[in-house]
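Encoded as structure tokens, the structure appears first; notes follow it.
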Amino acid sequence: MPENVLKILQERGFVEWCSDPDELSQVFQSRVTSGYIGFDPTADSLHVGHLVPIMGLAWLQRAGHQPIAVAGGGTGLIGDPSGKTKERQLLTLEQVERNLSEIKKQIEHFLDFDCGASSAKIVNNYSWLSKLGLIEFLRDVGKYFTVNFMIARDYVRSRIEDPEKSITYTEFSYILLQAYDFYHLYQHENCALQMGGNDQQINIIAGIDLIRKKLGAKAYGLTYPLLLTASGQKFGKTEEGTVWLSPVRTTPYKFYQFWINADDRDVEKFLKLFTFLPIDDIKEVMSHHARHPERREAQKILAGEITRVVHGDNAVERVKKVSEILFGEAYTLEDLTCELLEEIRQEVPSGNVKEIPSSLVDVLVHVGACASKSEARRLIRSGGVSLNGERVDEENYEIDSDNFLYGKYMLLKLGKKRYHLVERG
RNA sequence: GGGGGGAUAGCCAAGUGGUCAAAGGCAGCAGACUGUAAAUCUGCCGGCGGACGCCUUCGCAGGUUCAAAUCCUGCUCCCCCCA
């Protein structure tokens with residue numbers, strides 16, 4: 001018997017808005033229900049910001065319902081103007097396809113595609129949107145929306161009123177396509193629920209309206225809260241940029257570190273949103289954490305759980321070990337075994353250098369750790385550089401063979417958290 | 001159309017002929033302290049070079065001067081007031 005997943009989602013902080021919570025709860029309890037979320041194929045990888053919707057789908061499945069991930073292959077060719085102040089660059093068909101195949105692999109880590117009635121599905125809206133004729137579209141979809149409704153939206157109106165900005169017909173039409181998606185899925189996949197970020201509320205409502213007007217049927221919508229960190233930053237960004245799920249874009253080590261660095265005030269929220277731990281377990285973790293916040297137990301569990309799902313068991317073990325050494329009590333040369341260095345090499349920026357300059361300053365520049373010699377000197381002078389675990393206090397430090405562990409590795413630390421491994425090639 | 005004020009480094013903001021690469025604040029970087037935190041304290045903070053030096057900056061373009069962010073001329077943009 002399927003469960004009322006709405007209750008679970010609410011408990012875990014996934015629900016910002018729901019079109020009809022009471023009725024939707026009934027539906028969840030009475031039958032296996034399909035719900036979908038759209039993913040924009042604007043990049044070849046998802047990032048941590050996408051984890052909320054993905055986890056939402058995963059919970060749906062765990063409660064016995066069917067998750068559908070809709071890849072926006074068609075809508076991605078148009079571009080959602082929601083929350084955007086500028087016209088977007090259109091993606092080419094090839095770009096969209098390439099991005100989609102990568103994104104699909106990432107989603108597959110979270111969803112089961114072979115478990116009977118609640119098997120997950122990935123569909124590409126290009127497959128139906130591309131077949132839609134213009135006349136047909138204007139008569140069968142466009143007729144149901146007034147321009148008055150479409151320009152009432154703030155971000156549309158602001159772009160209409162500001163002559164500097166303006167909005168094209170293409171982007172203006174976007175909402176109708178998304179509404180049509182929902183309608184199509186309702187008909188062909190029996191999908192009665194659309195979920196999305198809070199900025200998607202109006203687009204979802206448009207779909208619900210279209211289904212009601214054309215089919216006289218009832219569909220439901222649900223939005224997730226937009227995440228901000230406790231310190232007011234947009235969730236998912238670090239100084240170095242977006243935290244991606246792709247190990248090519250963000251190494252598993254950096255990914256793990258991102259979660260380890262979560263603010264105490266955010267940890268509980270994150271554990272609920274980004275792990276499958278039962279609420280009671282999370283409560284227990286948090287009560288331990290409250291007694292000894294300095295141990296970062298909650299962050300460690302959070303980081304371990306998510307990294308395991310995204311990057312796998314092996315990666316977690318490796319990344320934990322590397323983190324322990326790099327951030328543990330001052331490590332000594334003996335700790336830096338050859339195997340460990342091999343692993344560190346995979347997790348931090350590293351470079352294979354043929355001809356090693358003789359001065360540390362030059363190495364720092366050569367390896368790309370510092371932009372100029374002046375910058376390198378400044379960093380050394382202020383005590384921010386250490387070599388194989390020992391601080392360098394000499395501005396003109398000269399490199400020699402002894403600095404290379406096992407004859408080939410040199411571990412540089414820049415500041416508190418940046419590492420760079422130089423490999424002699 | 002008339003009158004007044006303004007444009008300074010990533011941002012805010014002093015400076016009104018030399019001592020100005022330019023006070024102060026914020027942001028940023030690093031160190032100490034910590035929990036790989038917050039707060040606090042210290043140093044750095046236009047660029048480059050082995051810290052003296054060189055190069056590029058004070059809206060733009062010219063000019064006066066041994067010397068200009070500072071004076072003069074023209075231009076561009078912004079704000080306020082009067083019509």
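The chains referred to below are lettered A, B, ... by the order of the sequence lines, with proteins before strands, and numbering in each begins at 1.
- In this structure, A/Lys321 does not pair ionically with A/Glu324, as no charged nitrogen and carboxylate oxygen lie closer than 4.0 Å.
- Shown are A/His65, A/Glu189, A/Gln66; of these, the side-chain hydrogen bond (donor to acceptor under 3.5 Å, both in side chains) with A/Ser34 is made only by A/Gln66.
- Looking at which nucleotide of RNA chain B each of A/Arg391 and A/Lys373 is closest to, the 5′-most match is held by A/Arg391.
- If you check every strand for non-hydrogen atoms under 4.0 Å, A/Leu379 touches sugar and phosphate atoms only.
- The nucleotide B/U36 finds no pairing partner, because no Watson-Crick or G-U wobble arrangement with both distances shorter than 3.5 Å includes it.
- The environment of CG in A/Asp400 is crowded: more than 12 heavy-atom neighbours from other residues, nucleotides or ligands sit within 6.0 Å.
- Searching all strands for a Watson-Crick or G-U wobble partner of B/G49 with both distances below 3.5 Å returns nothing.
- When Watson-Crick and G-U wobble pairs are counted only if both distances are under 3.5 Å, B/C60 pairs with B/G74.
- With a cut-off of 3.5 Å on both pairing distances, B/U19 has no Watson-Crick or G-U wobble partner at all.
- Scanning atom types as modelled, one donor and one acceptor separated by under 3.5 angstrom connect the side chain of A/Gln257 and the base of B/U36.
- Contact annotation: the side chain of A/Glu102 never approaches that of A/Arg98 to less than 4.5 Å [non-hydrogen atoms, C-beta and beyond].
- Nucleotide B/G1 is matched to B/C82 when pairs are restricted to Watson-Crick or G-U wobble geometry with both distances under 3.5 angstrom.
- Taking only side-chain atoms of A/Asn396, from C-beta outward, the nucleotide of B/A37, B/C44, B/G50 with the closest atom is B/G50.
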